[in-house]
Amino acid sequence: MKSLHKIILFALLPLMGACNGMLDIEPHSAVSPTVVGSDDIEALRIGMYNKVQEGPTYYSYIAFDLFGGELMTSTGRPIDLINSLSNALHTFVSSQWNGYYKALLQVNNVMSIAEGLAESPTRNRVLGECRYFRAYIYLCLVTRFGDVPVLRQNTQAKVSRDPASMAWELVEEDLDAASGFLNGLSADSFYYVSPAAVTALKARVKLYLGKKGEAKELAESLIANPNYALDDFDKIFRSKANKEVIFAFSCLTEDGSSIKISNQFYSYNHPNKGSYNYRPAGDVMTMYADNDLRKEVSITTLDNLNFVNKYPSGQTGSDPVVISRLAEMYLISAEAQGLNGGLDRLNELREKRGLDRVSPGNEADFLDAVLQERRLEFLAEGFRWYDLVRTGKATQTLGTKDYQCLMPLPSRELLYNPNLKPNNPGY
């Protein structure tokens, strides 16, 4: 992403105001479309990328690993951490809720401005990016919180929660619109939204909604795309040129990024240094076979301390956060097709990662194999918890209560806006 230091002030204005209640938008927190011309849209565009990347904090990127039992603190078990985070007063909850809605304010504002511009490739690109980001934000919100306020435009009203089905409908609608706006356009790098990035997110959404035929077709279109190929883990997670990443947030230190995920994973005695707030759960350290080519990049041990190793910068910087990559498309296609059609896709990925082929005997065993492969592939990339929730395996696998298949809404938001009540059952 380009440097943000030179972005003009109005690009940051939508980020301000209404700090105590992000769904009660103050009048000065939005830039009027009448004061912005086509020459200014690039600054607003970069500001939008930055806000979607930074607003929900580092918690958002590893939330499903924290809630999914993959990580633990220095004391206790993974379930103890899950129970601690299942708290409407916890920053883990409020930073995600507030951060996603702050980002949404920015996206809706940029969208309203772009819609007022004359037809051009630049206008279409920005509108496509806006629709992609709004879909991404609502996918993050609905999978965490269920019923959420669905805001197509910014508002000053104290809004109520809408059914989760409305959020899913907007996600699908926005991704379809993004495909239309970005049709025929290319991106400068995988740090910018491309038509392929839209397709990848759409494939994920279709799988989550049980629309397996559509999920398979979308995933297969990217597998067949000559611009992408399964690549080495070392390239993917060590900022090397690769053909696997479809879209990622750059999280550049020189842009002032606060998304320093690796600082949470390394200890101070590690050469990269860190705060060591979270470490891999015990079974994470034993789930990789010695010949699994993902092992050394995913986990490591030093001085009898275990570390997640995918984000290598530690305290010294920040690392890109991958949102979509081709391995997910292989596993989406596999899961969507089931045992008879999807086994080859599962085994193609396994062979690329240095593992032998598997041969599950029935659909239940095949789904378990796919979920295990997703666990190995996407450690610390924000998939595990919702994979268990959407397949009905969360409570049994994690030892959690039924109500912990959703996160609570932040207590402060419920206090500030009573129209959001009641909280999710159990909280």
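We're numbering straight along the sequence, starting at 1. All values below were derived from every heavy atom in this structure, side-chain atoms included, with hydrogens, water molecules and symmetry-related copies excluded. All figures in this text were calculated on a predicted structure; none of them were measured in a lab.
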When rounded to the nearest 0.5 Å, the distance separating CG of Leu66 from CZ of Phe64 is 11.0 Å
| request: Indicate whether the side chain of Ser257 and that of Glu54 have a donor and an acceptor atom separated by less than 3.5 Å. | output: yes
Q. So do Leu398 and Lys393 actually touch side chain to side chain, heavy atoms under 4.5 Å?
A. no
Output yes when a side-chain donor or acceptor of Tyr101 lies under 3.5 Å from a complementary backbone atom of Pro149, and no otherwise.
-> yes
NZ/NE/NH1/NH2 to OD/OE distance under 4.0 Å, Lys202 and Glu217: no
Within the side chain of Arg123, is there an N or O that forms a donor-acceptor pair under 3.5 Å with the backbone of Ala114? yes
Quick check against the 3.5 Å criterion: does Asp319 have a side-chain atom that pairs as donor or acceptor with the backbone of Ser313? yes
Sidechain-backbone polar pair: Arg390 side chain, Gly210 backbone, donor-acceptor under 3.5 Å:
no
Taking every heavy atom of Ala380 against every heavy atom of Val308, the minimum-distance pair comes out as CB-CG1, 3.8 Å
task: With side-chain contact (heavy atoms from CB on, under 4.5 Å) as the test, would you mind laying out the steps for Tyr330 and Arg350 before giving the verdict?
output: CA-CA 10 Å; Tyr330 274 77; Arg350 286 180 57 83; over 6 Å; no
I want to check something: taking the side chain as every heavy atom from C-beta on, are Leu104 and Phe133 in contact at a cut-off of under 4.5 Å?
no
So OG of Ser250 and CG of Asp255: to nearest 0.5 Å the spacing works out to 6.0 Å
Gln53 and Cys251: CA distance, side-chain angles, deciding distance, side-chain contact (heavy atoms from CB on, under 4.5 Å) verdict: CA-CA 7 Å; Gln53 170 185 285; Cys251 304; 3.9 Å; yes
Compare all side-chain heavy atoms of Tyr136 with those of Ile323 and state whether any distance is below 4.5 angstrom.
yes
Rounding to 0.5 Å, atoms CG (Asn98) and OG1 (Thr91) come to a distance of 10.0 Å
Atom NZ of residue position Lys212 - does it have more than 12 heavy atoms of other residues, nucleotides or ligands inside 6.0 Å?
no
**Prompt:** Do the side chain of Asn417 and the main chain of Val159 share a donor and acceptor less than 3.5 angstrom apart?
**Reply:** yes
Exercise. Judged by atom type as modelled, is there a donor-acceptor pair below 3.5 Å linking the side chain of Asp147 to the main-chain atoms of Ala164?
Worked result: yes
Residues pairing under salt bridge (Lys or Arg N to Asp or Glu O under 4.0 Å) where one sits in residues 223-232, two or more places apart or in two chains, turn out to be Asp231-Lys235, Asp232-Lys352
Do Arg375 and Glu381 meet the salt-bridge criterion of a basic N to acidic O distance under 4.0 Å?
-> no
**Request:** Give the C-alpha distance, both sets of side-chain angles, the deciding distance and a yes or no for side-chain hydrogen bond (donor to acceptor under 3.5 Å, both in side chains) between Gln404 and Ser86.
**Result:** CA-CA 7 Å; Gln404 290 171 307; Ser86 301; 3.0 Å; yes
(request) Answer whether the closest heavy-atom distance between the side chains of Leu89 and Arg412 falls below 4.5 Å. (result) no
* Should we count OH of Tyr268 as having more than 12 external heavy atoms under 6.0 Å? -> no
For the aromatic rings, using the six-membered ring if either is Trp, is the centroid distance between Phe247 and Phe249 under 6.0 Å?
yes
* Asked: Which of parallel (below 30°), tilted (30 to 60°) and perpendicular (above 60°) describes Phe307 and Tyr266?
  -> tilted
Is there a donor in the side chain of Ser333 and an acceptor in the side chain of Gln337, or the other way round, less than 3.5 Å apart? yes
Checking Asn50 against Gln106 for the side-chain hydrogen bond (donor to acceptor under 3.5 Å, both in side chains) test, could you report, in this order, the C-alpha distance in whole Å, the side-chain angles of both residues, the deciding distance, and whether it holds?
CA-CA 10 Å; Asn50 181 63; Gln106 180 87 330; over 6 Å; no
What I'd like to find out is whether the side chain of Leu406 reaches to under 4.5 Å of the side chain of Arg144, using heavy atoms alone. no
Does a side-chain heavy-atom distance below 4.5 Å link Leu71 with Pro78?
-> no
| query | Would you say the side chain of Phe383 lies within less than 4.5 Å of the side chain of Arg204, judging by non-hydrogen atoms? | reply | yes
Between the side chains of Glu413 and Lys158, is the shortest nitrogen-to-carboxylate-oxygen separation below 4.0 Å, so that they form an ion pair? no
Is Asp174 paired with Arg131 through a side-chain N to carboxylate O contact shorter than 4.0 Å?
yes
Check your understanding: Are the side chain of Thr253 and the backbone of Gly317 linked by a donor-acceptor contact shorter than 3.5 Å?
Key -> no
I'd like to know if Glu377 and Arg325 make a salt bridge, using a cut-off of under 4.0 Å between side-chain N and carboxylate O.
yes
Quiz item: Do Thr395 and Thr400 have side-chain N/O donor and acceptor atoms under 3.5 Å apart?
Solution: no
Note to self: Could you tell me if Asn108 and Arg134 have a donor-acceptor pair between their side chains, going purely by distance under 3.5 Å?
What the structure shows: yes
Using modelled atom types only, decide if a donor and an acceptor are shared between the side chain of Tyr208 and the backbone of Leu139 within a distance under 3.5 Å.
no
Take Asn423 and Arg161 through the side-chain hydrogen bond (donor to acceptor under 3.5 Å, both in side chains) test and state the conclusion after the steps.
CA-CA 10 Å; Asn423 210 330; Arg161 299 168 73 182; 5.0 Å; no
Given Phe67 and Phe92, is the ring pair (Phe, Tyr, Trp, His ring centres under 6.0 Å) satisfied, shown in steps? CA-CA 10 Å; Phe67 233 54; Phe92 169 79; 5.7 Å; yes
| Are the side chain of Asn154 and the backbone N or O of Leu105 linked by a donor-acceptor pair below 3.5 Å? | yes
Rounded to the nearest 0.5 angstrom, the OG-CZ distance for Ser120 and Arg125 is 10.0 Å
One should read off an interatomic distance between Leu305 CG and Leu302 CG, to the nearest 0.5 angstrom, of 7.0 Å
Check your understanding: Are Arg345 and Glu335 close enough for a salt bridge, meaning some N to O gap below 4.0 Å?
Key -> no
Heavy atoms of Ile261 and Ile62 approach each other most closely as CG2-CG2, 4.0 Å
Open item on the list: Is it true that, when you exclude Gln315 itself, more than 12 heavy atoms of the residues, nucleotides or ligands shown sit nearer than 6.0 Å to its CD?
Closed with: yes
Practice item. Check whether any side-chain heavy atom of Lys102 lies under 4.5 Å from a side-chain heavy atom of Trp97, and answer yes or no. Key: no
So CG of Asn263 and OH of Tyr311: to nearest 0.5 Å the spacing works out to 14.0 Å
Do Tyr192 and Tyr49 have ring centres separated by under 6.0 Å? yes
Check: Where do Leu151 and Tyr138 land on the side-chain contact (heavy atoms from CB on, under 4.5 Å) test, with the steps shown first?
Finding: CA-CA 10 Å; Leu151 305 180; Tyr138 268 109; 3.8 Å; yes
*Run the numbers on Tyr58 and Ser258 for side-chain contact (heavy atoms from CB on, under 4.5 Å), then give the verdict.*
CA-CA 8 Å; Tyr58 79 88; Ser258 63; over 6 Å; no
Check: Lys206 main-chain N/O paired with Lys211 side-chain donor or acceptor under 3.5 Å: no
Pro425 and Tyr403 have their tightest heavy-atom pair at O-CB, 3.2 Å
Is it true that Arg353 and Glu244 make a salt bridge, defined as a side-chain N closer than 4.0 Å to a carboxylate O?
yes
Sorted by chain and residue number, the side-chain hydrogen bond (donor to acceptor under 3.5 Å, both in side chains) partners of Asn269 (sequence neighbours excluded) come out as Ser267, Asp303
